[in-house]
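Remember, predicted model here, so these are calculated numbers, not experimental data. The residues of the chain are indexed from 1 along the displayed sequence.
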Amino acid sequence: MRNKVAVLTMVLVAFGGLASCQQTKACPTEDKIKTEVKDLIPQEFKVESVQALKDIQGLCEVVIKVGAQPLVFYTDKEMKYIMAGNLISLADKKT
């Protein structure tokens with residue numbers, strides 16, 4: 001029985017590691033963002049952050065800076081779609 005618990009623990013740890021690896025691949029790279037967005041934003045811009053949303057699987061928040069102005073938008077990992085504007089949680093009314 002002790003052996004089975006040890007094996008199960010190792011499997012769970014391995015899956016946890018895989019999940020964290022997959023989360024980093026859940027969003028497009030900065031280079032992909034720069035390439036795909038350059039036609040929409042003709043000015044120079046810098047990608048400030050890219051992060052997967054915890055509550056909405058498959059959706060990433062991207063923050064870029066155009067001059068001193070930050071711009072937030074949301075995209076999928078393939079950057080097939082971009083959604084600009086505020087994303088509001090109806091449960092807690094937070095953005």
Side-chain angles (χ1 to χ4, degrees):
M1 182 69 174
R2 187 178 281 177
N3 232 0
K4 288 181 182 179
V5 171
V7 169
L8 181 60
T9 301
M10 288 190 311
V11 168
L12 290 174
V13 169
F15 277 119
L18 285 175
S20 66
C21 286
Q22 289 173 347
Q23 186 173 4
T24 60
K25 294 180 183 179
C27 292
T29 64
E30 288 186 17
D31 288 337
K32 173 91 172 167
I33 292 166
K34 287 177 184 177
T35 300
E36 297 296 326
V37 177
K38 70 180 178 185
D39 292 335
L40 295 173
I41 303 172
Q43 301 100 329
E44 280 292 314
F45 64 89
K46 179 182 178 196
V47 178
E48 292 286 310
S49 66
V50 182
Q51 62 183 5
L53 294 181
K54 294 181 234 171
D55 297 338
I56 304 174
Q57 185 176 1
L59 196 60
C60 303
E61 179 185 74
V62 178
V63 179
I64 64 172
K65 216 170 220 187
V66 181
Q69 183 68 32
L71 175 66
V72 178
F73 62 88
Y74 302 89
T75 187
D76 58 308
K77 74 176 184 178
E78 290 90 19
M79 287 207 65
K80 290 183 181 180
Y81 303 97
I82 290 178
M83 180 176 66
N86 293 329
L87 188 61
I88 302 169
S89 167
L90 292 177
D92 59 14
K93 312 297 187 266
K94 292 183 181 180
T95 57

Among the clusters formed by ILVMFWY side chains lying less than 4.5 Å apart, do Ile64 and Met79 turn up in the same one?
yes
Hey, quick one: are Val63 and Ile82 part of the same hydrophobic cluster, counting side-chain heavy atoms closer than 4.5 Å, chains of contacts allowed?
no
Specify the closest pair of heavy atoms between [X] and [Y], including all atoms of both residues, with the distance to one decimal.
| X | Y | result |
| --- | --- | --- |
| Val37 | Phe73 | CG2-CZ, 3.9 Å |
| Gln51 | Cys27 | C-SG, 3.6 Å |
| Lys77 | Ala26 | CB-O, 2.9 Å |

Report the distance from atom [atom1] of [X] to atom [atom2] of [Y], rounding to the nearest 0.5 Å.
| X | Y | atom1 | atom2 | answer |
| --- | --- | --- | --- | --- |
| Ser49 | Glu61 | OG | CD | 6.0 Å |
| Ile33 | Thr35 | CD1 | OG1 | 10.0 Å |
| Gln43 | Lys65 | CD | NZ | 15.0 Å |
| Thr75 | Glu36 | OG1 | CD | 8.5 Å |
| Lys34 | Phe45 | NZ | CZ | 7.5 Å |

Apply side chain to side chain contact (heavy atoms under 4.5 Å, CB included) to Lys80 and list each qualifying residue two or more places apart in sequence or on a separate chain.
Asp76, Glu78
Only counting residues at least two apart or in another chain, list the ones meeting side chain to side chain contact (heavy atoms under 4.5 Å, CB included) with Leu87.
Leu53, Ile56, Leu59, Tyr74, Met83
Give a yes or no on whether [X] atom [atom1] has more than 12 heavy-atom contacts from other residues, nucleotides or ligands under 6.0 Å away.
| X | atom1 | value |
| --- | --- | --- |
| Asp92 | CG | yes |
| Lys93 | NZ | yes |
| Gln57 | CD | no |

